[in-house]
Amino acid sequence: MTAVVTLADIPGPAEDSYLGNLHAFSSDPLAFLTRCAREYGDVVRLGDHNVLLTGPELVERMLVDRNEVFSKKGVENSGRAARGRGFPRAMMNSDGADWKAKRHRLQPAFGRTLAVKAAELVDAQGERMLAGWRPGEPRDLHRDVSVLVLRLVTGLMFGDEFTARDAAVVARLVRPIMELSTSPLLLPDWLPTPRHLRLKRGLRDMDRLLRRLTADPAAVDPERAPVLHALVTGTPAPSPDELRDELATLVLSAFETSNDAVVWTSVLLARHPGAAARVRDEAVAAFGSTPPGLARMERLPYTNAAVRESLRLYSPAWMTSRDSTADLEFGGFAVPAGTTVTVSQWVNHRDPRHWERAGEFDPERWLEGGARKMPRGSYFPFGLGARACIGASLATTETVHIVADIWRRHRLELLDPERITPRPALALQPMGVTVVPRPW
Ligand code: HEM
């Protein structure tokens, strides 16, 4: 039997200077986490109270088996994430029995019916976005898709489609959140820095937007607004602040992540013309023969594989952390209560020990079935276990459909491919993506 050793014995860059590590993490977190995993193994000590887990079975043990003894509250509401998400009463930022009751209140509204409705409604939204595109005219893909996604998900969840102006309000809030989440400087929130002021204004405008939705709870229709209805009529009845926090986190999670997934998949297809042509052929056939709905989605297996592969290489959720509330053991090491434990999709999805040709975009690997048999901790774009993404099937449905719709009509060319970089903020944002639609 392996002797259990303590946190101090875990190998890692913690032996280097604290400031050196902070600088390395802040300036390039993706490279820093990758280097730690490759140099030190499946359990890495990042600092006096910080551990990185990379072995797939360890990730599964943390997120699935031992989920109940990990807390998201402290982590999400402190430091970098606090200034970003700052909605402490939302389910996403709750723990234990409180989280369970809130998840229970929302879960039924995120069932199959919502994905079916999404598959039916997404067509019209795609039509609206693409009507404004002209062959040869450059487009800011991230901005265009963000309006589409926001209209779709707010219409679906709240029965009230946000307008392009509302989308601008959300975008103005997301911008300082993302900037602050990448800033290495932990300035107190009350300091009136330009970013803090922009964040404050953004939160105030978002508040106004959300108050519109909740002005008359008795009038909320369960068919048209299933998610809002589940919240305003659910038990425990949310306070006005809690309702605001739930709605804001739902809008923000839906807004950035699905948008990033569509844009990253399009960047990869633009770089792989063979794969793009397959998506196009499949999409032309599916849209030509099947009305909008889940049946059409089933006729897009290659597009689905391309989206899965994009979620592997550029997972919008690139790392997640929790605080342990009990003494635990991982890979033969003792990890005491109070340790912040991190796992990273970026690291595990690209681990050459587990993935063949890990850095290559190869949708085929999902069709052959091999990738589907990988251990769960090797691929977790939507998280794992009880706290996995509540919007996963909605997100997959809309992403696959939007990608198919764009690519069946246009071949996208990247205007300045060298400029495109991933920005690891709260989500992994594609920066510098301008596309030029071309005829096939
Ligand atoms: C491609 C799109 C998306 C990705 C990659 C994604 C990813 C994730 C991940 C990784 C988690 C778990 C975080 C953790 O373990 O700490 C999560 C949780 C969550 N997601 Fe998503 N998400 C997406 C879309 C959506 C959408 C469309 C919604 C809602 C409409 C949504 C709402 C949520 C919520 C509320 C949680 C918290 C669940 C809980 O704490 O129980 N997400 N998401």
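Whatever order the structure lists them in is the order used to number ligands and atoms, beginning at 1.
- In terms of modelled atom types and a separation under 3.5 Å, the side chain of Glu309 and the main chain of Asp362 share a donor-acceptor contact.
- Counting heavy atoms under 4.0 Å from ligand 1, residue Phe380 does not touch it at all.
- Near Ala254, meaning under 4.0 Å from one of its heavy atoms, ligand 1 places the atoms 26 (C), 27 (C), 30 (C).
- Within the listing of ligand 1, atoms 10 (C) sit less than 4.0 angstrom from a heavy atom of Ala317.
- Arg350 forms a cation-pi arrangement with Tyr314, by the criterion of a distance under 6.0 Å to the ring centre and an angle within 45° of the ring axis.
- For Phe162, the ring pair (Phe, Tyr, Trp, His ring centres under 6.0 Å) test picks out no residue, with sequence neighbours left out.
- Between Asp351 and Ser378 there is no side-chain heavy-atom pair separated by less than 4.5 Å.
- Taking every heavy atom of Ser253 and a limit of under 4.0 angstrom, the matching atoms of ligand 1 come to 31 (C), 32 (C), 42 (N).
- Ring to ring, Phe287 and His401 are close: their centroids are under 6.0 angstrom apart.
- With sequence neighbours excluded, the residues that form a side chain to side chain contact (heavy atoms under 4.5 Å, CB included) with Thr233 are His229.
- Close approach of ligand 1 to Arg322 (heavy-atom distance below 4.0 Å) involves ligand atoms 14 (C), 15 (O), 16 (O).
- For ligand 1, the polar-atom distance check against Lys72 finds a nitrogen or oxygen pair separated by under 3.5 Å.
- With a heavy-atom cut-off of 4.0 Å, Thr320 touches ligand 1 through its side chain alone.
- Under a 3.5 Å cut-off, the side chain of Arg365 and the backbone N or O of Glu356 do form a donor-acceptor pair.
- Interatomic distance, CZ of Arg299 versus CD of Glu282, reported as 9.0 Å (0.5 Å rounding).
- Close contacts of ligand 1 with Ala395, meaning ligand atoms under 4.0 Å from a residue heavy atom, involve 1 (C), 2 (C), 24 (C).
- Ligand 1 has no atom lying under 4.0 Å from any heavy atom of Lys102.
- Within the 4.0 Å heavy-atom cutoff, Ile390 counts among the residues contacting ligand 1.
- For ligand 1, the polar-atom distance check finds an N/O of Arg103 within less than 3.5 Å of one of the ligand's N/O atoms.
- Using a 4.0 Å cut-off to heavy atoms of Trp99, the atoms of ligand 1 that qualify are 39 (C), 40 (O), 41 (O).
- Close contacts of ligand 1 with Pro381, meaning ligand atoms under 4.0 Å from a residue heavy atom, involve 5 (C), 7 (C), 10 (C).
- The side-chain tip of Arg312 points at the ring of Trp355 from less than 6.0 angstrom away and within 45° of straight on.
- Annotation: Ser258 places no N or O atom under 3.5 Å from an N or O atom of ligand 1; distance criterion only.
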| request: Take Glu161 and Arg128, measure what salt bridge (Lys or Arg N to Asp or Glu O under 4.0 Å) needs, and give me the verdict at the end. | output: CA-CA 13 Å; Glu161 209 176 86; Arg128 258 166 106 172; 2.8 Å; yes
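- Distances between N or O atoms of Glu398 and those of ligand 1 include no value under 3.5 Å.
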